[in-house]
2 protein chains.
Amino acid sequence: MPTPPGRKPRKAAPSRRPLTQDGIVAAAVRVLDAEGLDGVTMRRVAQELDTGPASLYAHVSGKDELNELMLDRVAAEVRLPEPDPERWQEQVKEVAREVRRVWQAHADIARVSLAMVPTGANLLRIAEFQLAVMSAGGVPPAAAALAVDSLGMYVDAESVERAMYGTKLGEGASPEEQLHTFISGIRDYYKALPQDRFPHIVAMVDELTAGGGDERFEFGLDILVRGIASHARP
Amino acid sequence: MPTPPGRKPRKAAPSRRPLTQDGIVAAAVRVLDAEGLDGVTMRRVAQELDTGPASLYAHVSGKDELNELMLDRVAAEVRLPEPDPERWQEQVKEVAREVRRVWQAHADIARVSLAMVPTGANLLRIAEFQLAVMSAGGVPPAAAALAVDSLGMYVDAESVERAMYGTKLGEGASPEEQLHTFISGIRDYYKALPQDRFPHIVAMVDELTAGGGDERFEFGLDILVRGIASHARP
DNA sequence: ACCTGAACACCGTTCAAGT
DNA sequence: ACCTGAACACCGTTCAAGT
């Protein structure tokens, strides 16, 4: 049956729901996941919400704030363990691994983290945990404070580097295949270097290009935590 | 006296010398130093050389290559000590400090280093030194290889963060003053956090915001080198 | 108060045309 | 071979005008 004349549609079904900051940030994260951080432009996010870029400025002060909001939204995915002072070294590592996992699940969001002082609630939650568990483990306050900094920087930097391998190569093959062709390119280049000027690099090509990113990450993490532990009282 | 007719000017004084890759990179570094990495655009570099952006593409494949060439040119400024295996831990630190010094002398060039596998001769020279001195100091190859990575990442990340404080604030006051107002802003924010949710952050505000960048950097560096040393044979 | 279209002042890169 | 002007397909942000 056709609708009788003079009858308005029941609710006008507003397919374009009103803009909210939360909706904007959610859309931005969708674009991030699909197209990487460089794909997250004000225009692209607006398009995702069927509007123009100027409309976003009523809910977000600009690109920088949007970046920070995206990061904190993503940081909510980080799961923290039950604090156990006996295992503080292992727990510090666990959290670092978990943050890395979440950063890597969202393209190159780590770039934002690296360029920011943490202020969002979800980021602070992580810092609070690390400070708490290190303090309980006997790391003095000054050392613990600087240690969260160093740990955060390390996780961020490693994630940025790793994300880059994925993007620099074409979007063709599988991520692992991409990483492999990338690494073997580097290996060939290092092997072809003049041996008299770079004897150690040439001799250590295999070690320099060894390990998936996981082993490399674990090694740096282990180094950091050993160093932090050397500041703890027994 | 006027110049007689039919006489060409002595040498035509080519005020716009022909473009070379070296000249382009030098101009790019000048822009970098004066206006930061974001100021280095193909257009701006071309302008510096009295030409248009399209002219650069005959000597440089694009923006990425220009960035890498800039970094390697700047890396030439890094001075390496005479290798002394007895003092390998101190020398590894010295080089890290020196790289940090040079990166910070050139705005936020560290961002390029972080997003790159080192291939330029001057960058490789630094890596070669670190590998050599650690090997001589008794660090096994696998550990030394991963250690250069971690050290590089740490220096780069610290320099990126530090460069950011300078840029985010206005260009008004002195760098130290900028850093100070920036840090005290952070301190106020942390102090105002709800104490029940973030007890350690609130309690450790002073430690978290303490120290000029130098002490913080030294601490992270010390942690890393202690960790590396724990892998060395005695 | 929120949303919008149009504009401003930029980007990196390409390409046909010149020398 | 090198250089150029003009154009293409983008940016972030502002602002007057609408509802």
Side-chain angles (χ1 to χ4, degrees), chain A residues 8 12-29 31-32 34-71 107-108 111-112 115-116 164 167-168 170-171, chain B residues 8 12-29 31-32 34-71 107-108 111-112 115-116 164 167-168 170-171:
Chain A
K8 292 215 186 84
S15 71
R16 268 179 45 228
R17 287 154 24 259
L19 291 175
T20 62
Q21 188 181 81
D22 201 68
I24 291 171
V25 177
V29 172
V31 177
L32 168 70
E35 298 164 36
L37 188 59
D38 286 334
V40 182
T41 67
M42 299 302 271
R43 292 173 136 87
R44 182 68 188 75
V45 173
Q47 184 198 97
E48 189 78 6
L49 298 165
D50 279 320
T51 183
S55 304
L56 306 180
Y57 287 82
H59 303 91
V60 145
S61 68
K63 188 80 189 300
D64 283 354
E65 197 189 19
L66 181 56
N67 277 339
E68 300 194 4
L69 291 169
M70 267 201 300
L71 177 67
D108 38 357
R111 260 164 50 197
V112 176
M116 222 188 86
M164 195 204 38
T167 344
K168 273 275 171 68
E171 313 294 323
Chain B
K8 293 212 188 85
S15 72
R16 268 178 45 228
R17 286 155 24 259
L19 291 176
T20 61
Q21 189 182 77
D22 200 69
I24 291 171
V25 177
V29 172
V31 177
L32 167 71
E35 298 163 36
L37 188 60
D38 285 335
V40 181
T41 67
M42 298 303 269
R43 291 172 137 87
R44 181 68 188 75
V45 174
Q47 187 198 96
E48 190 77 8
L49 297 165
D50 278 321
T51 183
S55 303
L56 307 180
Y57 286 83
H59 303 92
V60 145
S61 69
K63 189 83 190 298
D64 283 355
E65 196 188 20
L66 182 56
N67 277 339
E68 301 194 2
L69 290 169
M70 265 200 303
L71 177 66
D108 38 357
R111 259 164 52 197
V112 175
M116 222 188 87
M164 196 203 39
T167 345
K168 273 274 172 69
E171 313 295 323

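The sequence lines fix the lettering, A, B, ..., with proteins before strands; numbering per chain opens at 1.
- Picking from D/dA6, C/dC3, C/dT4 the nucleotide with the shortest atom distance to the side chain of B/A54 gives D/dA6.
- A sub-4.0 Å separation between OP1 or OP2 of C/dC3 and a side-chain N or O of A/T51 is absent.
- When the nearest nucleotides of DNA chain C are assigned to B/R44 and A/P53 by heavy-atom distance, the more 5′-ward of the two goes with A/P53.
- The partner of C/dA9 is absent, by the rule that a Watson-Crick or G-U pair needs both atom distances under 3.5 Å.
- Under the 4.5 Å side-chain criterion, counting only non-hydrogen atoms from C-beta, A/M116 is not in contact with A/D64.
- In this entry the distance linking NE2 of B/H59 with C1' of C/dT13 reads 17 Å, nearest Å.
- Contact annotation for A/T41: backbone-only contact, meaning every heavy-atom pair under 4.0 Å involves sugar-phosphate atoms and none involves a base.
- Here the shortest heavy-atom pairing between A/V40 and A/A28 reads CG2-O, 3.8 Å.
- Atom CG of A/N67 is separated from atom C1' of D/dG12 by 12 Å (rounded to the nearest Å).
- The separation of C/dC15 from D/dC3, taken at their C1' atoms, amounts to 13 Å, rounded to a whole angstrom.
- Whole-Å rounding puts the A/K63 NZ to D/dC11 P distance at 9 Å.
- Rounded to whole angstrom, the span from the CE atom of A/M42 across to the P atom of C/dA7 amounts to 21 Å.
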Is there a side chain to side chain contact (heavy atoms under 4.5 Å, CB included) between B/M164 and B/D108 once you walk through the steps? CA-CA 7 Å; B/M164 196 203 39; B/D108 38 357; over 6 Å; no

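- Between the CG atom of B/L37 and the C1' atom of C/dG12 there is a distance of 15 Å, given to the nearest Å.
- A/D38 has its side chain within reach of A/R111: a pair of non-hydrogen atoms, C-beta onward, lies under 4.5 Å apart.
- In this structure, CD of A/Q21 is placed 18 Å from P of C/dA1, rounded to the nearest angstrom.
- The pairing partner recorded for C/dT4 is D/dA16, the criterion being a Watson-Crick or G-U wobble arrangement whose two distances lie under 3.5 angstrom.
- Distance CG (A/D38) to P (C/dT13): 12 Å, rounded to an integer number of Å.
- Between A/D64 atom CG and D/dC11 atom C1' there is a gap of 14 Å when expressed in whole angstrom units.
- We find the CG-CE distance between A/L37 and A/M70 to be 5.5 Å, quoted to the nearest 0.5 Å.
- Along DNA chain D, the nucleotide closest to B/R43 and the one closest to B/L19 are compared, and the more 5′ of them pairs with B/L19.
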